[in-house]
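What follows is a set of notes on a single structure, which appears directly below.
Just so it is clear, the structure is predicted and the values come from calculations on it, not from any experiment. Heavy-atom basis, side chains included; hydrogens, waters and symmetry copies ignored. Nothing fancy with the numbering, it's 1 onward along the sequence.
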Amino acid sequence: MEEKDWQQEKERLEQVRNKLQTRIAELAPEVTGLHDQAADIRKRFWEEVTINTSTNEDFEETFYSVQQQSAMLAERERGHNRLVHQWNGMKRLLPSPYFGRVDFQEDGLNATEQVYIGVSSFVDNDGLNFLIYDWRSPIASLYYDYPPGPASYDTPVGRIEGMMTLKRQFQIQNGHIRTMFDASETIGDELLQQVLSKDADSQMKSIVATIQKEQNAIIRDENSRMLIVQGAAGSGKTSAALQRVAYLLYKHRQTIKADQIVLFSPNSMFGSYISTVLPELGEENMQQTTFQEYLDYWLGSSLRPEDPFDQIEYTLTAQGESGYEARLQGIAYKTSEAFLKALQNYGKWLGREGMLFKDIWFRDRVLITAERMRAKMYDFDSSLPLFSRVALLQEWLLHELASLEREERKAFWVQEELNYLDNEQYADVFDMLHKEKELIDLSEQYAVARDRMNNKRRGDEGDVDFAQREEELILRSIVKKSFKPLRKSVRKFSFVDIKGIYGQLFGDETSYREKTNEIVIPPHWSEICRQTKDMLSRNELFHEDATPYLFVKELVEGVRTNKEIRHVFVDEGQDYSAFQYEYLKKLFPRARMTVLGDFGQAIFMQATNLEASDSPLIRLFGETNTSLIRLVRSYRSTREIVKFTKSMLPGGDEIVPFDRRGHKPLLIRSNGVKKRDAQILEDIASLRAEGYASIAVITKTAAESRTAFESLRMQGSEALQLITKETVTFEKGAMVIPVYLAKGIEFDAVLIYEASPQAYSRENERKLLYTACTRAMHRLHLYTTGDWSPFVQALPANLYEKAPY
């Protein structure tokens, strides 16, 4: 880079910063002023309005006065919010206004435009000259997609062709250019080297300055109903997805809001890890949840579902226990498309016979029997869907309850309750009547009624007709209040025995085939049935039963949908079953879906192969509406760690390491647990001394994590954290964590607590070890007190180093 280029760029940066500072200073009083105006209007809202409803004209005048004041307040608040957004955007730009520049000459034009790219736009005072373009603007895609030479970008009016004559990259900190170079590639390796060599942080950061071409394709995809991203560990899947959210909010800011986008993350801690990315870019966070939280919400307190971490803990630790093989078969079957089809057929069978209901009880007697409900439901038009007939039954039940409620007013218990009402209860009754507009001037009527009822108890007959009317009203209210829980339960479909309906699926093979038309049934079906019914008897569900249970519930009660959500993102998508994807599609019928995952990290039994030609994800929206993008370049780990980890996987050769050099993984064998733990503590201290602040001791299971944590603590380490499924925030430091909770997170250094055959030898444990090792950015240590896992023994010796034994 020539000196004159440095000088020109320094001068331009100074000019842009000066204009930013000037604009920030100019906007400050305006932002404050609009805020004060809105607060003043809100404070004086009713002082400016005269309420008069004496005549129609007065009412109309009052209505328009309130409407005018409300519109003025809304306009002030919109203006304030718009200015605050601009103001905050400029303040974000000030320390580092831009990170890239491209010089582009459009075909047919003589002038070359200098396009500087930052995290948001900044326009000169004339309102026409862009000093900085937002990275999400159409022209900014040149920076990500092309080297110098012929280039083009898409706009709402068509494709713009031309020639890129320069691509320049910057690192600007606190208003000073630290690094600047011209690049021949999309994003130069020099900038990536500097970014990736930094230490891990407690929260994910924006990657807008280093977005790669393939990541940009993910971010700007507008055509797919289903976008599948199959990416190697550390390939930037989640980062690209978050930038995609920011892009969608920018591109469609008039039609899509942050609360119309939902992200299903792998665990609660992951939500904390990514929580700052969108605010860094000036956008609100989308909704975040886990699939388990969704299940817990809709199952409510009636049933307690097992969470996926307890399920995987069982599959990893219960080998040899009675019923283990049956449970594994049950997990595989209940998460399959075959079971989904079986349940759909079961819904048709229920439409003909087999519906189960619960008697409706009141004061120790049955008001409406389950048999009567069943007969009534099957009397409805059989061409109607099952859920429509259940809705008609619900309506009939409410009418029946209204009739029974009227009859109940004559019951002896009602008169008894009337005689023992105290003054406070009278007040409650009359207050309820007032709310229902059944009495006029209730406060006065209550006082009169109370006196007359007291007189009546003393033998004073008073006005018999009026007192009788009051008594009727009170009797009516007493019964109405008693019947209220019944009406509420009917509206919630509590009269349907969903638990029984789901449970009756799990009978003998002949019965199951009759109800579902299923042909292929798992060999251990009788044991699967026993396990499932045992859980139901305790009001619990296996994790693999939770989604099917809700599916059956909706076959009966009607599909629950959310039509407001426009985009659904699923992270660690390989860990979701075909059944769960079908359910998500039903739940969000208007949403496009982005699924991110890595089949190499598919550690749950219900894993879905995202890129297989017969993947259920492709069938979900059809091939023409589905796009698949593969990310094969791994950026997280050093070249040495990537070469080590990819060799564990069949087909791992396609993973391409980024050329960031470091130490080879270190294999350490110790003579006994105490010596192994002492060595781990010594290594943690050494890594901290080297400046690594984020260190994870990764175990296979939560049970092993607790054991390792206590053992390491007993040897004198007070600075360790134990990460469990209840941990909701991710912080720097040294921690002990099971591998399935570490997914999606990266650490400066990873220490594999036990890499022996006892921990990782079965084929389904290969991906566990791979996932654990790929969490490491800079350093990877593996420990054992005996032999090495066969997945380690099979690796070429030149991929690692061994510590002296």
Does any N or O in the side chain of [X] come within less than 3.5 Å of the main-chain N or O of [Y], such that one atom is a donor and the other an acceptor?
{"X": "Arg530", "Y": "Ser526", "answer": "no"}
{"X": "Arg636", "Y": "Ala233", "answer": "no"}
{"X": "Gln260", "Y": "His567", "answer": "no"}
{"X": "Gln531", "Y": "Gly323", "answer": "yes"}
{"X": "Gln243", "Y": "Ile218", "answer": "no"}
{"X": "Arg225", "Y": "Leu620", "answer": "no"}
{"X": "Glu754", "Y": "Thr699", "answer": "no"}
{"X": "Arg389", "Y": "Leu384", "answer": "yes"}
{"X": "Thr516", "Y": "Ala342", "answer": "no"}
{"X": "Trp525", "Y": "Phe506", "answer": "no"}

Looking only at side-chain N and O atoms, does [Y] offer a donor or acceptor that is under 3.5 Å from a partner on [X]?
{"X": "Asp598", "Y": "Gln230", "value": "yes"}
{"X": "Ser302", "Y": "Lys499", "value": "no"}
{"X": "Thr290", "Y": "Gln292", "value": "no"}
{"X": "Glu544", "Y": "Gln311", "value": "yes"}
{"X": "Glu582", "Y": "Gln580", "value": "no"}
{"X": "Tyr583", "Y": "Glu554", "value": "yes"}
{"X": "Asp575", "Y": "Tyr740", "value": "no"}
{"X": "Ser537", "Y": "Lys533", "value": "no"}

**Prompt:** Lys725 and Asp310: side chain to side chain contact (heavy atoms under 4.5 Å, CB included), yes or no, with the steps?
**Reply:** CA-CA 9 Å; Lys725 64 182 182 180; Asp310 287 338; 2.9 Å; yes
Quick one, [X] and [Y] - any side-chain contact, counting heavy atoms below 4.5 Å?
{"X": "Phe357", "Y": "Val496", "answer": "yes"}
{"X": "Arg566", "Y": "Ile261", "answer": "no"}
{"X": "Ile745", "Y": "Arg775", "answer": "no"}
{"X": "Leu386", "Y": "Met355", "answer": "yes"}
{"X": "Phe264", "Y": "Leu584", "answer": "yes"}
{"X": "Asp359", "Y": "Glu371", "answer": "yes"}
{"X": "Leu768", "Y": "Thr771", "answer": "no"}
{"X": "Val490", "Y": "Ile360", "answer": "yes"}

**Request:** Please report the C-alpha distance between Asp571 and Ile274 in whole Å, then the side-chain angles of each, then the deciding distance to 0.1 Å, and finally whether the side chain to side chain contact (heavy atoms under 4.5 Å, CB included) criterion is met.
**Result:** CA-CA 12 Å; Asp571 204 0; Ile274 65 172; over 6 Å; no
**Request:** Could you tell me whether Phe579 and Phe551 have their ring centroids closer than 6.0 angstrom?
**Result:** yes
So how far is it from [X] [atom1] to [Y] [atom2], rounded to the nearest 0.5 Å?
{"X": "Leu397", "Y": "Phe493", "atom1": "CG", "atom2": "CZ", "value": "10.5 Å"}
{"X": "Glu293", "Y": "Asp307", "atom1": "CD", "atom2": "CG", "value": "11.0 Å"}
{"X": "Asp259", "Y": "Asn285", "atom1": "CG", "atom2": "CG", "value": "12.0 Å"}
{"X": "Leu401", "Y": "Phe483", "atom1": "CG", "atom2": "CZ", "value": "6.5 Å"}
{"X": "Tyr324", "Y": "Gln319", "atom1": "OH", "atom2": "CD", "value": "4.0 Å"}
{"X": "Lys334", "Y": "Phe339", "atom1": "NZ", "atom2": "CZ", "value": "6.5 Å"}

**Prompt:** Can you list the steps and then say if Thr315 with Asn764 is a side chain to side chain contact (heavy atoms under 4.5 Å, CB included)?
**Reply:** CA-CA 10 Å; Thr315 63; Asn764 66 340; 5.8 Å; no
Determine the minimum heavy-atom distance between [X] and [Y], stating which atoms define it.
{"X": "Ile752", "Y": "Val750", "answer": "CD1-CG1, 3.6 Å"}
{"X": "Gln504", "Y": "Lys515", "answer": "O-CE, 3.7 Å"}
{"X": "Tyr581", "Y": "Thr608", "answer": "CE1-OG1, 4.2 Å"}
{"X": "Gln721", "Y": "Glu731", "answer": "NE2-O, 4.0 Å"}
{"X": "Leu505", "Y": "Leu343", "answer": "CD1-CD2, 3.4 Å"}
{"X": "Leu541", "Y": "Asp545", "answer": "CD2-CB, 3.9 Å"}

**Asked** Going through the distances and angles, do Glu313 and Arg706 end up as a salt bridge (Lys or Arg N to Asp or Glu O under 4.0 Å)?
**Response** CA-CA 13 Å; Glu313 195 76 11; Arg706 289 189 293 271; 5.1 Å; no
**Asked** Hey, does the Lys NZ or Arg CZ of Lys585 hover above the aromatic six-ring of Phe621, less than 6.0 Å from the centre and inside 45° of the axis?
**Response** yes
**Prompt:** Tell me the side chain to side chain donor-acceptor pair (under 3.5 Å) pairs involving residues 335-345, sequence neighbours left out?
**Reply:** Glu337-Arg619
Parallel, tilted or perpendicular, judged at 30° and 60°: which one describes the rings of [X] and [Y]?
{"X": "Tyr333", "Y": "Tyr512", "result": "perpendicular"}
{"X": "Trp349", "Y": "Tyr346", "result": "parallel"}
{"X": "Phe309", "Y": "Phe604", "result": "tilted"}
{"X": "Tyr576", "Y": "Phe291", "result": "perpendicular"}

**Prompt:** Where do Val736 and Ser705 land on the side chain to side chain contact (heavy atoms under 4.5 Å, CB included) test, with the steps shown first?
**Reply:** CA-CA 6 Å; Val736 182; Ser705 277; 4.0 Å; yes
**Item:** Any residue meeting ring-ring contact (aromatic ring centres under 6.0 Å, His included) with Tyr247, in chain and number order, not counting sequence neighbours
**Value:** none
**Item:** Verdict with supporting geometry, Glu321 and Arg327, salt bridge (Lys or Arg N to Asp or Glu O under 4.0 Å)
**Value:** CA-CA 10 Å; Glu321 290 186 10; Arg327 175 74 196 280; over 6 Å; no
**Asked** Do NZ/NE/NH1/NH2 and the carboxylate oxygens of Glu564 and Lys257 come within less than 4.0 Å?
**Response** no
**Asked** Run the salt bridge (Lys or Arg N to Asp or Glu O under 4.0 Å) check on Arg713 and Glu710 step by step: do they pass?
**Response** CA-CA 5 Å; Arg713 286 281 296 265; Glu710 292 302 327; over 6 Å; no
